[in-house]
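Ligands are counted one by one from 1 in listed order, and the atoms in each one are counted from 1 as well.
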Amino acid sequence: MSEKRIGLYGGTFSPPHMGHVRAAEAFLSRFRLDMLYIMPAYVPPHKAISNGDIPAHRLNMARIAFRSLTDGGHAVVSELEISRQGKSYTADTLAELYGLCGIKGRHGIYMLTGDDMFTTLDTWRRPEEIFDRAHIVYVSRGGSEELCLLKRAEYEARFGAVVDRLDIEPLPVSSTELRRAIAEGRDTAGLLLPEVLEYIEKEGLYREG
Ligand code: ATP
C-alpha cells in the first residue's frame, strides 16, 4: 500500500486570516492530502513575537478559522509545536511528524509556505534537514515570482530540494495589517472570518495593534 500523503502548514496565525484558509484549502485538495497538520508555532524563530502573545489564543483562533478543513476529517490543528515550547524549528517538527506518521525516505511531507517565507528557507535552522524531509509547496501572496524561481533553482542545486508552486489567485492580506485594522476599529470583512473576529473581540485581543 502506498504511503499516506501528509501535509504541514505552519505559521504564527496571529490572527489566522482568509489568505491562510484559502491557501490551506487549495493545498489540501490540489495535493490530495490524506492529512494536513496545521501547526501554530510556539515562538517563531524568524520573527519577534509581540508582547503579551498567548499561544492558547492563537491555537483557539486557528481551530475556529480552519474548521471548514478539519470538519472534513483530512486536517487537524496540531498542538505539537506549542506543547514542545521553546523556539519552534521546522526541522524538529518535520522529524517529529516523520516518526508520528511512520514516514520513510526523502521528501515525505508536503510543506506549504507563502512566497515570502519560501525565499528565506535557506536561512532557517538546519535547512538541509528541511529540504531532505519536505516536498516544498509555495503559494503566491503577491511577491516576486522571479525571485521565487531563482530561489527554487538554488534550492534544487544546493539541497536537492523538491519544489512545487500552488497556483491560486493571491489574497494580499497579512496578520500584521489585520492587527492594525482591529486596533483602529476598521472593517475586516472578507479578510477575517466573522467567528474569528468575534473571538478576538470577546477576548479583547489586538487592542494595541
Ligand atoms: P505577519 O503579518 O504577522 O507576519 P502573516 O500574515 O505573514 O503574519 P503567518 O502566520 O506568519 O501570517 O503565515 C503563516 C504562513 O502563511 C507563511 O508561510 C506565510 O507566508 C503564509 N501566508 C500568510 N499570509 C498569506 C496569504 N495572504 N496568502 C498566502 N499565504 C500566506
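Put simply, the side chain of Met61 reaches to within 4.5 Å of the side chain of Ile200, judged on heavy atoms. Using a 4.5 Å heavy-atom threshold, the side chains of Ile103 and Ile109 count as touching. Inter-residue side-chain proximity for Glu145 and Arg165 is flagged as met; some heavy-atom pair is nearer than 4.5 Å. At least one side-chain heavy atom of Pro15 sits under 4.5 Å from a side-chain heavy atom of Arg179.
Using a cut-off of 4.0 Å between Lys/Arg side-chain N and Asp/Glu carboxylate O, Glu198 and Lys202 are scored as not salt-bridged. Checked for salt-bridge contact, Asp34 and Arg5 miss the test: no charged N lies under 4.0 Å from a carboxylate O. Under the 4.0 Å criterion applied to side-chain N and carboxylate O atoms, Glu195 and Arg63 are not assigned as salt-bridge partners.
The aromatic ring centroids of Tyr155 and Phe131 lie less than 6.0 Å from each other.
Contacts between His20 and ligand 1, counted as non-hydrogen atom pairs separated by less than 4.0 Å, involve the side chain only. Contact annotation: for Glu177 versus ligand 1, there are no heavy atoms closer than 4.0 Å. Heavy atoms of Asp116 found under 4.0 angstrom from ligand 1 belong exclusively to the side chain.
Between Leu112 and ligand 1, a contact under 3.5 Å exists for no N or O pair. Polar contact with ligand 1: present for His17 (N/O pair, distance under 3.5 Å). For a threshold of 3.5 Å applied to N or O pairs, the pair formed by Gly114 and ligand 1 contains at least one separation below that value. Inclusion of Met117 in the set of residues having an N or O under 3.5 Å from an N or O of ligand 1 is not warranted. Looking at Ser14 next to ligand 1, no N or O pair under 3.5 Å apart turns up. An N or O contact shorter than 3.5 Å is missing between Thr113 and ligand 1 by distance.
In this structure, Arg179 counts as a contact residue of ligand 1, since one of its heavy atoms falls inside 4.0 Å of the ligand. Using a 4.0 Å cutoff on heavy atoms, Tyr9 counts as a contact of ligand 1.
Between the side chain of Tyr138 and the main chain of Asp116, no donor-acceptor pair closer than 3.5 Å is present.
Selection from Gly10, Ser140, Ala26 by nearest heavy atom to atom 14 (C) of ligand 1 gives Gly10.
Atoms of ligand 1 lying under 4.0 Å from at least one heavy atom of Gly11, given by number and element, are 10 (O), 14 (C). Set against the non-hydrogen atoms of Ser174, the atoms of ligand 1 under 4.0 Å away are 2 (O), 6 (O). If you number the atoms of ligand 1 from 1 as listed, the ones under 4.0 Å from a heavy atom of Thr176 come out as 1 (P), 2 (O), 3 (O), 4 (O). Atoms of ligand 1 found under 4.0 Å from any heavy atom of Ser175 (numbered from 1 in listed order, with element): 1 (P), 2 (O), 3 (O), 5 (P), 6 (O), 8 (O), 12 (O).
With 3.5 Å as the limit, one finds a donor-acceptor pair spanning the side chains of Arg84 and Thr93.
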